[in-house]
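What's counted below: heavy atoms across the whole structure, side chains too, no hydrogens, waters or symmetry copies. Small disclaimer: the values here were computed from a predicted structure and weren't measured. Reminder, nothing fancy here: chain letters follow the sequence lines and each chain counts from 1.
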Protein chains: 2
Amino acid sequence: MSNATKRRQVSRLSRARRIDDIMAAGREVFREKGYEDAPLSDIAEKANVVEGSIYRYFENKRDLLVKVIEDWYKVMLADYQEQLSGISGTRNRLRYMIWRHLKTIHDEPALCNLMFQYLRSGKDYSQTVVYKLNREYTRQTLDIIREGIGKGELRNDVSLRLVRDMIYGCVEHRTWAYLRGEGDFDIETTANEVVELVLSGLEVRSAVSGTKPDISKRLERVVEKLERLAATTGE
Amino acid sequence: MSNATKRRQVSRLSRARRIDDIMAAGREVFREKGYEDAPLSDIAEKANVVEGSIYRYFENKRDLLVKVIEDWYKVMLADYQEQLSGISGTRNRLRYMIWRHLKTIHDEPALCNLMFQYLRSGKDYSQTVVYKLNREYTRQTLDIIREGIGKGELRNDVSLRLVRDMIYGCVEHRTWAYLRGEGDFDIETTANEVVELVLSGLEVRSAVSGTKPDISKRLERVVEKLERLAATTGE
DNA sequence: TAAAATAAATAAATATAATTCATTAAAACT
DNA sequence: AGTTTTAATGAATTATATTTATTTATTTTA
C-alpha cells in the first residue's frame, strides 16, 4: 500500500460500545438535523467510525433511527409506573399523565417530531418495540379512567379509548406549533386546562333539586366560581 | 444527430395544461408511493414529460408536493361554507365539521398522511397556502363554539382554541391506525361519539331534579373540589 | 411567407447520499 | 509464532434529485 493511502489507526471496541457510540451520535445528529437532512457521514464522523461500519450494526438508516427512538423511549418511560404509584385521586393521576406527556414534548421536541413523523406513520409501526412501549404507557391512562368509573367519579357511557385519543390528540395538537419551533407553551397551565376540559365532560353530573337553593347548592356554586377564577388566573 | 439517439416527437402544450398534467401525475404517484418512495422519474413518465421538464414548472420535488396538496385542499374545502349554512343548531353544526374531517381522512388517507407528515411538520408550514386554508377552515369551528356560548348553550369558561385542538386532535388520533392501513372506522358512529364527548364537557349543566343524594355526601364532594382547587392554585 | 427570436422540452451531465463489498488489520485462538 | 476469525475500512456502486447545454417547436416580424 502506498503511503498516500494510509489508513488511520484502527481501534476495535466491544460490540456494545460501538453500538452505543453510533446510537449516541445518531441521536445527536437526528435531533439537530431531522431524518432526511442528517447524512450518515455526519453520524459516522461523530461516532468515530466510517460510514460502512454503521451497516455492520444497523440494517440501514431507518433502522438506526428506529433503534435511537426506541432507546430514548425506554429510558423515558422507565419511571412512569413508580411515579404514578405515588399519586392518588383520579384527577391528579390523570393530570400527571397529561403533564408528563407535555413535559416530554417540551424537553425533546426534535425526537418527538421524529417519532410522530417517521415511526408512528410507518406501515410497520404496530410491529415495533416503540409501539409496544407506547401501548403499555397509554394503557395506564385507560386504567386510571376505568378506576374512576369504578369509583363512580366518571361517566360510564363513553368509550375509554376515545377518551384516551381525546387526551393525547388534544395535547399533540396544542403543541404542534411548538414542535415546528414557533413559540412556547406552559406545561403547568396546559395540563390544568386539558384535565379540566376532559374531566368536565367525564365527571358524573350531580343531580340537584331546583326549588329552593339549600346550603349544598350554594356551596357548589361557590366552588364553580372559584374554579373558573382559578382557570382564569392560570393563563 | 445519429439515428441511434432519436428523440421522441416533442409536443408543446400550454403552460396551464402541462402544470395540470404534472400535478395530476404527482398526486397519483404520491398517493400510491408516498413522498420519499416516489421517484421523480415515475411522475415524469406518467405526465408524459421528461424529468428535467418538471423543474421548469416546480422549484423541486417538495415544491411539487406542496402544490399538489394545496390543489387538493382548495377543491376539498370549497363547499364547506355553503354546506354549513344549511345546517342549524350548535350540535349539528359541530357534528358536521367533525364528520367532514373524518370523511376526508376516510376518502384520502394517503394525501392526509402526506399533509400531516410532510407539510404540517415543516418549518415553513405557517407561511404556506395550505396553512392559510386550514386556518380559515378551523376558524369555522371556533365560530360555531363562540355562537354556542353566545346562545348560552356552551360553557364560557374554556379556551376556544383548546376545544378546537381537542376536536381535531381526537379525530386524528382515532384515525391513526386507519392511516397506516390497519382496519377501518365508521364515519357516522365516530362523529357521534366525538361530538357527544366534547359537548358533554362543553354544554352547561342543566339542573336536573331527581332523587337527592344526602347532604353529607354532597358536602364531601364539594370539599374535595375545594381541596383540589387549593392544591392547584398553590403551584 | 421566410427568417429571426423566443421559449419549451429534452437528454445528458453532475451532485449527493445511501448501500455494498473486497481488502486490511486487530484480536483471539492453537 | 503462526493461523483463524471478524471488525473496520475505504473505495466502488447505485439511486435519485437537480442542473445545464442543446435541440426543436412555436411565435414574431419584416
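A 6.0 Å sphere centred on CD of B/E136 holds no more than 12 heavy atoms belonging to other residues, nucleotides or ligands.
Partners of B/T190 by side chain to side chain contact (heavy atoms under 4.5 Å, CB included), not counting sequence neighbours, listed by chain and number: B/L102, B/R174, B/F185, B/V194. With sequence neighbours left out, B/Y57 forms a ring-ring contact (aromatic ring centres under 6.0 Å, His included) with no residue at all. Not counting sequence neighbours, the partners of B/D143 by the side chain to side chain contact (heavy atoms under 4.5 Å, CB included) test are B/R139, B/R146. Judged as a salt bridge (charged side-chain N to carboxylate O under 4.0 Å, His left out), and not counting sequence neighbours, B/E59 has no contacts. Partners of A/Y73 according to the ring-ring contact (aromatic ring centres under 6.0 Å, His included) rule, which considers only residues two or more places apart in sequence or in another chain, do not exist here. Scanning for side chain to side chain contact (heavy atoms under 4.5 Å, CB included) contacts around A/Q83 gives A/D79, A/Y96, A/R100, with sequence neighbours left out. Considering only residues two or more places apart in sequence or on other chains, B/D186 meets the side chain to side chain contact (heavy atoms under 4.5 Å, CB included) condition with B/E188, B/T189.
DNA chain C is contacted by A/A38, A/P39 of residues 28-39 of chain A, taking any non-hydrogen atom closer than 4.0 Å. Within residues 51-65 of chain A, the residues that have a heavy atom under 4.0 Å from DNA chain D are, in order of number, A/G52, A/S53, A/R56, A/Y57. Against DNA chain C, the stretch residues 18-26 of chain B makes heavy-atom approaches under 4.0 Å through B/R18.
Across the protein-nucleic acid pair, B/D42 atom CG and D/dA15 atom P stand 13 Å apart, rounded to whole Å. If you measure from atom CD of B/E45 to atom P of D/dA17, you get 14 Å, rounded to the nearest angstrom.
Here the side chains of B/T141 and B/L94 are in contact, with some heavy-atom distance below 4.5 Å.
In summary, A/K103 and A/E108 do not engage in a salt bridge, as defined by a charged side-chain N under 4.0 Å from a carboxylate O.
Distance alone, capped at 3.5 Å, places no donor-acceptor pair between the A/R180 side chain and the B/S121 backbone. Not a single donor-acceptor pair under 3.5 Å links the side chain of B/R31 to the backbone N or O of B/A110.
Applying the ring-ring contact (aromatic ring centres under 6.0 Å, His included) definition to pairs two or more places apart or across chains, those involving residues 117-138 of chain A are A/Y35-A/Y118, A/Y80-A/Y137, A/Y125-A/Y131, A/Y137-A/Y168.
Stem analysis of DNA chain C (at least three stacked-register Watson-Crick or G-U pairs, each with both distances under 3.5 Å) gives C:1-30 with D:1-30.
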